[in-house]
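Counting starts at 1 for both ligands and their atoms, in listed order.
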Amino acid sequence: MKNIVLLISGSGSNMAAIIRTAEEHHWAKRLNARVSAVISNKADAEGLALAKQHGIATAVVDHKAFADQPSPREAFDAALMAEIDQHKPHLVVLAGFMRILTPGFVAHYEGRLINIHPSLLPAFTGLNTHARAIEAGCKFAGATVHRVTAELDHGPILAQAIVPVLPDDTADTLAARVLTQEHLIYPKAVEELLAK
Ligand code: GAR
């Protein structure tokens, strides 16, 4: 069985889209794959409850618990890796996981680690992508599914979706339009990787 581990930090709507697609497209039967765990760095991430409802194992590795370590980022990533590796993942899917990962973490999951970012990469890496796209006068915005490399929001592009930026858009209205597209391209990209 190809195990998928999803990492979230918040609402988990991309996670939900992947779980729903896994069920509707019969990944277990067709692709010998399943979402085996959802792990969050925040105990109050809304997505955890939905994962539990679907019978998926959940765990929390709180990054704040490592703040007093000599190397907090490395310590957090080591704990996260230990949690993830219990599930022997075929794929580790970052779905709104808002932590910068260490090069050691990225190397450990080389070829198995993917992310979705709410911009048309390589434009607008980092945070506040929608406000920055509006500010720059972009006529189009979108989202990118990509393999994760040590450089933040870089790595080979697997899929993109494009939406128009409308004259009266705010960061929130644009984010909502992009998010509906994320929910289509991310499950599809995961499915294509599983089918390889
Ligand atoms: C999504 O828009 C995702 O692209 C973005 O966070 C949101 C999470 O929503 N990710 C990043 O900004 C990563 N740097 P969700 O929790 O509802 O899936």
* To do: Could you tell me whether the side chains of H146 and N115 share a donor-acceptor contact shorter than 3.5 Å?
  => yes

* Interatomic distance, N32 atom CG to L194 atom CG [nearest 0.5 angstrom] -> 10.0 Å

* To do: Check each protein residue for a heavy atom under 4.0 Å from ligand 1 and list those that pass, ordered by chain and number.
  => S11, G12, S13, N14, G96, M98, I116, H117, P118, L179, E182

* To do: Go through the structure and list residues passing ring pair (Phe, Tyr, Trp, His ring centres under 6.0 Å) with F124, not counting sequence neighbours.
  => none

* Would you confirm whether D77, through its side chain, and F105, through its main-chain N or O, come within 3.5 Å as a donor-acceptor pair? => no

* Minimum side-chain heavy-atom gap I18-T21 below 4.5 Å -> no

* Asked: Can a donor-acceptor pair be found between the side chains of Q160 and T144 at a distance below 3.5 Å?
  -> yes

